[in-house]
Number of protein chains: 4
Amino acid sequence: MCPKTKDQFEQIREESREKILNAALKLFGTKGYEHSTIADVMKLAGVSKGLLYHYFANKEDLVKQLVFDLINKTDALLFDHAIIDPNQLLKNIFTQFFQELRNNFEQWTLLANLGMQLGKFDWIRQLANDQMQQALAYIEEILIKIDWPDPCAEAKILVALFDGISFQYLWFKKDYHLDELENILINKYCKQ
Amino acid sequence: MCPKTKDQFEQIREESREKILNAALKLFGTKGYEHSTIADVMKLAGVSKGLLYHYFANKEDLVKQLVFDLINKTDALLFDHAIIDPNQLLKNIFTQFFQELRNNFEQWTLLANLGMQLGKFDWIRQLANDQMQQALAYIEEILIKIDWPDPCAEAKILVALFDGISFQYLWFKKDYHLDELENILINKYCKQ
Amino acid sequence: MCPKTKDQFEQIREESREKILNAALKLFGTKGYEHSTIADVMKLAGVSKGLLYHYFANKEDLVKQLVFDLINKTDALLFDHAIIDPNQLLKNIFTQFFQELRNNFEQWTLLANLGMQLGKFDWIRQLANDQMQQALAYIEEILIKIDWPDPCAEAKILVALFDGISFQYLWFKKDYHLDELENILINKYCKQ
Amino acid sequence: MCPKTKDQFEQIREESREKILNAALKLFGTKGYEHSTIADVMKLAGVSKGLLYHYFANKEDLVKQLVFDLINKTDALLFDHAIIDPNQLLKNIFTQFFQELRNNFEQWTLLANLGMQLGKFDWIRQLANDQMQQALAYIEEILIKIDWPDPCAEAKILVALFDGISFQYLWFKKDYHLDELENILINKYCKQ
DNA sequence: CATGAATGAGCTTTCATTCAT
DNA sequence: AATGAATGAAAGCTCATTCAT
């Protein structure tokens, strides 16, 4: 009836998709995947059930797309290749890590929540494993550069530590000494 | 007057209860709480639906009793008050921790699974927090005794590290370098 | 082991039966038949499930025996054949009716509750019908004796009125003008 | 923009809702509320379980909406404000009452059935009480106009009588002398 | 692109009843 | 006479998903 250009359609598509994904993140990251219903998402997004299923094949597809979107956004973030000084780089990693945790609480909660759904979502654990391996290699490389003793072992410790802190922060949130830990780590691992 | 003595009844009760709890642990710790149905539990336990509800008010009560039983069993385990030498004590903690993780994989998976069910099971996070605080104090005390530098900070790191290792082991299991980490930690923290 | 006479057994039987029936009346007459469970009855009576089923074949049999016991107790009550004066007799009927309603609230509630369970308990409506026919004949007879105009019609009205008052009292209880109605009826129908 | 107009949806909604409510009335008013299952209703209505719960939050909500719909329909019916002559008005009330009872047997059975479910559905007794008070005032007013002796008392009698007749008709139905009572009442209370 | 009516498999839970002792 | 463990059919309800328009 009313002619619309391809771009307009594209924009509308993207807006609706965005609305749905935002709502899904909010809900899945707050109440958890299993305790959030498609009806919840659709209501919060302000779209109809039909439209939701127009964009996403099913609930699992929705969460899959959501996770991949999130990962694409934050992937490059942790490792800033512009920095050359390894000490600076390590400090940057710590800072980025803590900031990321604070800023995107819902997102990390969601990921942990999904990964802990046993049986379902094995792909998420695979993804996490890949990322861990990357981080491991990257951090070991830095530790070598700054002559840290036993860099291979220390890298393993650090990566486990990152997950431990994330996990504890997600569980205990306000009761958790996150800021303190940030200082502790920087003091311990980064020369001033 | 009574054709079955109270003791007999008590024994029967305990046996049935045990069968159900074992089945529940197996399932909840493998497929997760939400993905296991009461029908699954009852079939695996080899009892009827009615009997299950005779002993447990509902699904949540079942998991609650299960968790409390588990915690009571493993509570005293981590900290052996018989050991006096702090170095020995620390080494013992590491060894116990890794052994516990390996031996009771299902149990720890269940606890992590429950704690990650947002909204529901907040009491489990509370329980975990309490245990973390205890561990924190206990480990700091040991670190002081062995003159480890900045023991307060290091205790926080260690406790987070424990959770990180648990978490990663639960997620990556066979792909995970658990044995390696055990050696690394003992080498790093315990004088021979 | 300990020899008991037949009488002793009989007494024990009767006591247990009585306990159960009392509990059943209390519950069925308060929460209704469908909303009371056998477990409720057994707990309130302080006996075991097995014993209950030893005395009563099933839930419906329990309520049947209960109702027949009640009816046997109150049947002869309404019509006092000792009184000869018809005016006195009519007054007595009114008085007895209101007193009965006040004293055995639970019992009448139970009967109304059962009769209103459609499909089930048709025998109770049959019983009620028989009683109504009896009352009709009896009251018409009295009205004839006191020369009340159109006694056949008036008897029908009175019998319906009795049920109407019972019904309204059962539903509205404390809000209901029962005492007032007693006076009204006596004033209207009985010469002083 | 929208392939089905709001009116179309509204019509579909209303039709389905009506189908369900009709089925519910039929069943609840025949077998009683407790003895009718949601599956029964859904089958008789020819809709799916899901749709039923799409329109009604739960079984109690279904019966609530049903009752309120019924009451809204029949509320104004009893009292015809167009009639001025009090004798005519009284006669009209009797006629309407008996007609209503005959025509909407199921509805009145349902109301009585619900009101007799002790504990649950207290709101229905409240509703009934309100209606009784209204009827009381209205009938007294008429009795005053036609100079009936002691109109206040007689109104109370009449209102109880109405309930008594309803109740007996619901219980004894075919065995009950309903037509006879209609004539009796009109003859007794209405001047020709 | 967008709507919401419609479906039904599958879940938790209840409760009358049986039975070995 | 008396116990309470054990059963399972059947109930109410949820929710991902489909589909006609």
Side-chain angles (χ1 to χ4, degrees), chain A residues 1-2 4 8-9 12-13 15-16 34 36-42 47-60 62, chain B residues 1-6 8-13 15-17 34-42 47-60 62, chain C residues 4 8-9 12-13 15-16 34 36-42 47-60 62, chain D residues 1-6 8-13 15-17 34-42 47-60 62:
Chain A
M1 222 179 260
C2 132
K4 273 185 187 138
Q8 279 176 309
F9 272 126
I12 291 173
R13 279 189 69 85
E15 271 170 22
S16 293
E34 294 293 345
S36 311
T37 69
I38 289 288
D40 287 341
V41 176
M42 145 218 148
V47 301
S48 72
K49 220 169 257 195
L51 196 63
L52 198 153
Y53 275 91
H54 182 66
Y55 290 116
F56 306 95
N58 48 43
K59 197 183 176 188
E60 201 163 341
L62 169 60
Chain B
M1 209 179 274
C2 166
K4 248 183 199 153
T5 66
K6 279 202 170 172
Q8 275 176 307
F9 276 132
E10 187 54 38
Q11 199 194 329
I12 292 173
R13 281 186 71 83
E15 273 169 22
S16 294
R17 203 175 158 272
E34 295 292 344
H35 301 132
S36 312
T37 70
I38 288 289
D40 290 339
V41 176
M42 139 218 156
V47 301
S48 72
K49 211 168 275 194
L51 194 64
L52 199 153
Y53 278 94
H54 185 62
Y55 290 116
F56 305 95
N58 48 43
K59 198 183 174 187
E60 199 164 341
L62 169 59
Chain C
K4 277 189 185 131
Q8 276 176 313
F9 272 126
I12 291 174
R13 280 189 69 83
E15 270 170 23
S16 294
E34 294 293 343
S36 312
T37 70
I38 288 288
D40 288 341
V41 176
M42 144 218 148
V47 302
S48 72
K49 222 169 257 195
L51 196 63
L52 198 153
Y53 275 92
H54 182 67
Y55 289 116
F56 305 96
N58 49 41
K59 198 182 175 189
E60 202 164 339
L62 168 59
Chain D
M1 209 178 273
C2 165
K4 248 183 202 154
T5 66
K6 281 201 168 171
Q8 275 177 307
F9 276 132
E10 187 54 37
Q11 199 195 329
I12 293 173
R13 281 186 72 82
E15 273 168 22
S16 294
R17 203 173 158 275
E34 295 293 345
H35 301 131
S36 312
T37 71
I38 288 290
D40 289 340
V41 176
M42 140 218 154
V47 301
S48 70
K49 207 171 278 193
L51 194 66
L52 199 154
Y53 278 95
H54 185 61
Y55 291 115
F56 305 95
N58 48 45
K59 198 183 174 187
E60 199 163 341
L62 169 59

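Every heavy atom of this structure was used, including side-chain atoms; hydrogens, water molecules and symmetry mates were not. Residue numbers start from 1 in every chain, and the chains themselves are labelled A, B, ... in the order their sequence lines are given, proteins ahead of strands.
- Remark: B:Ser16 is in phosphate contact with F:dA6, judged by side-chain N or O atoms under 4.0 Å from OP1 or OP2.
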Note to self: Please convert DNA chain E into dot-bracket. A pair counts if it is Watson-Crick or G-U wobble with both distances under 3.5 Å; crossing pairs go in [ ] and bases paired with another strand get |.
What the structure shows: .||||||||||||||||||||
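- Note on D:Thr37: every side-chain N or O is 4.0 Å or more away from OP1 and OP2 of F:dA10.
- Dashed line: the shortest gap from a side-chain N or O of B:Tyr53 to OP1 or OP2 of E:dT13 is under 4.0 Å.
- Mapping D:Lys59 and B:Leu51 onto DNA chain F via the closest heavy atom, the residue that lands nearer the 5' end is B:Leu51.
- Residue A:Met42 contributes atom CE, which lies 13 Å from atom P of F:dC15 at whole-angstrom precision.
- Taking NE2 from B:His54 and OG from B:Ser48, the interatomic distance works out to 10.0 Å, rounded to the nearest 0.5 Å.
- A:Tyr55 comes within contact range of the sugar-phosphate backbone alone, with a heavy-atom separation under 4.0 Å but no base atom that close.
- For F:dA5, the OP1/OP2 oxygens have a side-chain nitrogen or oxygen of B:His54 closer than 4.0 Å.
- Note on B:Arg13: every side-chain N or O is 4.0 Å or more away from OP1 and OP2 of F:dG4.
- Mapping D:Ile38 and C:Val47 onto DNA chain F via the closest heavy atom, the residue that lands nearer the 5' end is C:Val47.
- Nearest-nucleotide positions on DNA chain E place A:Leu52 closer to the 5' end than the other of C:Asn58 and A:Leu52.
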